Amino acid sequence: MDNPSQLVQYILTGLSNGAIYALIGFGFAIIHNATGILNFAQGEFVMLGGMFTIFILSFLNLPLVPAIVLAIVLSTLVGILFERLAIRPLKNVKPLSLVIITIGASIFIRGAAMLIWGKDTHALPAFSGNNPLYVYGATIMPQHLWIFGITLLIIIANKLFFSYSILGKAMRACAYNAHAASLVGIDVKIMVLLSFVVSAAIGSMAGIIIAPLTMTSYDVGIMLGIKGFCAVIIGGMSSGLGTVLGGLLLGLLESLGAGYISASYKDAIAFIILLLILFIRPEGLFKQKETQRV
Amino acid sequence: MKRCLFLTVLLSVIFTILFVFMAGTQSIAASPIKIGALFSISGPAAFLGEPERNTAQMVVDEINKAGGIKGRMLELVVIDTQGDPAKAVQGANKLIKDDKVAAIIGPSTTGDSMAVIPVVEKAEIPLISCAAGSKITEPVKKWVFKTAQNDALAVAKIYEYLNKQKISKIAILTVSDGFGSSGREQLVAHAKEFGMDIISNETYGPKDTDMTAQLTKIRAGGAQAIICWGTNPGPAVIARNVKQLGIKLPLFMSHGVSSRKFIELAGDAAEGIILPSGRVIVANQMPNSDPQKKALLSYVNGYKTIYKIEGDHFGGHAWDAMMLLKGAIEKVGDTPSAIRDQLEKTTKFSGIGGTFSYAAQDHAGLTKDAFVLVEVKNQNWKLVK
């Protein structure tokens, strides 16, 4: 039990799963902060990313990189359609109704994916081989490095976008006060649309980089969506460091729990944390440190 | 008023025409023999129900093309249970009361099968289940037979092999659904009889995407071999994780992954994995002396011609069920009780799942020879001799 390499393995596994949860959590945070909606269709963007890539690879025979780019574009397109057709036409509705609409949309997207691509599971080839790397007696796959790298890049890009670009600042303004933002000439509708674009793109990216490890099928979005939601709740709905830490913490606890207690409780751990946080600290664990929203 | 009259006349004309047509079609040929089918064509167990439905339909079409059974056509009435026992019971009632079927094949899952057993027992209609759970026919129910191999037979096949390899310390990793828990029960129950010592006993969720934590724990436990019990995609993830962790222990899987899909999903990581399976996936490698070879090749080739994909052993369960029924109806006609009695007398029927010999005390009809061990070599199945 006290084997150090065993512990390192649990930690590495936990961190790499956590990075994915954080990425998915980001998508939740961005839309929530721009619109006040909890978009429960976020997991479906993750599924779409993976499935589109596999579809493009096998039917259009494109190389991996263009296939990935095209898959992100297509998933983003679905995000735009979703916002235009399901969210924007509704005026003056309660956020709760919108949340229910996103649940409906997620069921619809999942069903459509099942009809189009079937119920089979598909595997995506790894980006750079399948030979494990050894770290202090534990192993990780090259794909894990891709996951860490891309997560890091997206975090930095997010930070730069929201802090320094005019668009990012405009989105933040909408988040603070949509009415005031519209008074100073910011097109709130465009900002809402943009938030769907950004989170669909991030979600699909997450789906693509994990597909070589975990494989993908029409229904992977449910569980991953819930885990991402859990990460963002721990992080207090921030689209910055809070959610990243939330995701990593969740991944670590899951992996250590599965290793030292029992794997049967793996999913239960996520839900227990979710409930505890919602009861005790609904503002998130890292709220003091992380004051910036959107 | 005029319009009203017109409508009435029109409607009566339509109805008359309809009646004439219906009566007409019925009187043309001898009424078809109706066979009911309960398969989980959609839902979580669709990987069972879909090939089963395809296969049953294929067999019925073949029989009808060849002139039916003694000049009477077969009609397959298929109901999708969606893997839901409540829908299975509704379906069974509909088949028995509305369609008045002579016999029922299916359901696909053990849960559905257990739910419909009281219905068919009460209605006295023979049922040939395509599910694997041993409790379906243990204890024996008068009207219920099954074609899928018991999990216990697969377990015995693996343990026997391990005995030969002088391996006795094992780790088991099972999925936390019906299939996995049944496998786990059998693995634990038969361990003693083969001298197996289960050192690690782990589970994973059907939707889990990373099992390195469980495998790390298993590696630290000191087992000599790992047995994993699940259906895709979990076992493929486990195969990849084992490779990632550099675990050198022999890895065994269950018959739940004996389809091409598993090799496709696990890729290189599938190499060297051994599992018990029906003979379908190695039909071409069977020696000509094998009594099942003729049936296997006819099924595999037939399925490929019609559905463009390879038939698997799940579809094989439906093939066996249909062929057993056909055999019984050819001999004794289509009264449910006569079919039942004849089924029980069936001996040495070589089908896809094995060579069946039913008896009054055995409605499963197979021995562990129904399974062969296969190994993944060069991305293909290879018969382990």
Side-chain angles (χ1 to χ4, degrees), chain A residues 1-3 5-14 16-17 20 114 118-123 125-126 129-134 137-144 210-217 219-220 222-224 226-227 251 254-268, chain B residues 40-50 173-176 180-181 200-222 231-237 239-247 257 259-270 309:
Chain A
M1 263 312 194
D2 295 308
N3 190 341
S5 73
Q6 209 176 330
L7 181 65
V8 177
Q9 185 68 56
Y10 295 145
I11 292 175
L12 281 178
T13 301
S16 49
N17 288 338
I20 291 298
M114 187 189 85
K119 295 163 215 154
D120 274 345
T121 307
H122 303 272
N130 274 322
N131 295 322
L133 308 166
Y134 289 82
T139 51
I140 55 172
M141 301 297 279
Q143 193 66 28
H144 286 126
I210 58 163
L213 283 178
T214 64
M215 291 173 263
T216 190
S217 64
D219 59 352
V220 292
I222 310 170
M223 211 54 192
L224 286 171
I226 291 172
K227 298 285 170 69
E254 267 189 10
S255 151
L256 291 172
Y260 289 116
I261 307 170
S262 165
S264 323
Y265 301 124
K266 194 172 154 235
D267 291 331
Chain B
S40 57
I41 301 160
S42 61
F47 68 97
L48 299 170
E50 216 169 315
L173 180 54
T174 57
V175 61
S176 56
S181 38
S200 312
N201 186 341
E202 296 287 325
T203 59
Y204 68 92
K207 289 266 155 242
D208 282 3
T209 50
D210 184 296
M211 282 64 131
T212 46
Q214 289 95 320
L215 289 166
T216 306
K217 210 170 160 186
I218 286 174
R219 176 166 61 182
T231 49
N232 286 328
V237 175
R240 285 159 169 249
N241 287 165
V242 165
K243 188 161 184 251
Q244 181 207 327
L245 293 171
I247 296 177
V257 295
S259 66
R260 196 125 264 296
K261 193 79 203 161
F262 172 70
I263 300 185
E264 200 180 297
L265 290 176
D268 288 345
I309 49 167

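Because the structure is predicted, anything quoted here is derived from the model rather than measured. Just so it is clear: chains get the letters A, B, ... in the order the sequence lines come, proteins before strands, and each one is counted from 1.
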Value rounded to 0.5 Å, distance of [atom1] in [X] from [atom2] in [Y]:
X	Y	atom1	atom2	answer
A:Asn17	A:Ile210	CG	CD1	9.0 Å
B:Lys207	A:Thr214	NZ	OG1	11.0 Å
B:Lys243	A:Thr139	NZ	OG1	11.5 Å

Could you tell me which portion of [X] (side chain, backbone, both or neither) has an atom closer than 4.5 angstrom to a non-hydrogen atom of chain A?
X	result
B:Ala269	neither
B:Ser176	neither
B:Gln214	side chain

Validation row: B:Asn232, B:Ser259 side chains within 4.5 angstrom (heavy atoms):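 B:Asn232 vs B:Ser259: side chains touch.
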Side-chain heavy atoms of A:Met141 within contact of A:His144, under 4.5 Å: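 Of all side-chain heavy-atom pairs linking A:His144 with A:Met141, at least one is under 4.5 Å.
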Derivation of the side-chain contact (heavy atoms from CB on, under 4.5 Å) call for B:Met211 and B:Val242: CA-CA 9 Å; B:Met211 282 64 131; B:Val242 165; over 6 Å; no
Which one of [options] has the most heavy-atom pairs closer than 4.5 Å to chain B?
options	answer
A:Glu254, A:Lys266, A:Met114, A:Met223	A:Lys266
A:Gly257, A:Ala123, A:Ser217	A:Ala123
A:Ile222, A:Thr121, A:Leu133	A:Thr121

For chain A, the option from B:Thr203, B:Thr212, B:Leu245 that forms the most heavy-atom pairs under 4.5 Å: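 Option with the greatest count: B:Leu245.
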Stepwise side-chain contact (heavy atoms from CB on, under 4.5 Å) check, B:Ile218 with B:Leu173: CA-CA 9 Å; B:Ile218 286 174; B:Leu173 180 54; 4.3 Å; yes
Proximity breakdown for A:Met215 and chain B, heavy-atom pairs closer than 4.5 Å: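 Just the side chain, heavy atoms under 4.5 Å.
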Structural part of A:Pro142 lying under 4.5 Å from a heavy atom of chain B: neither
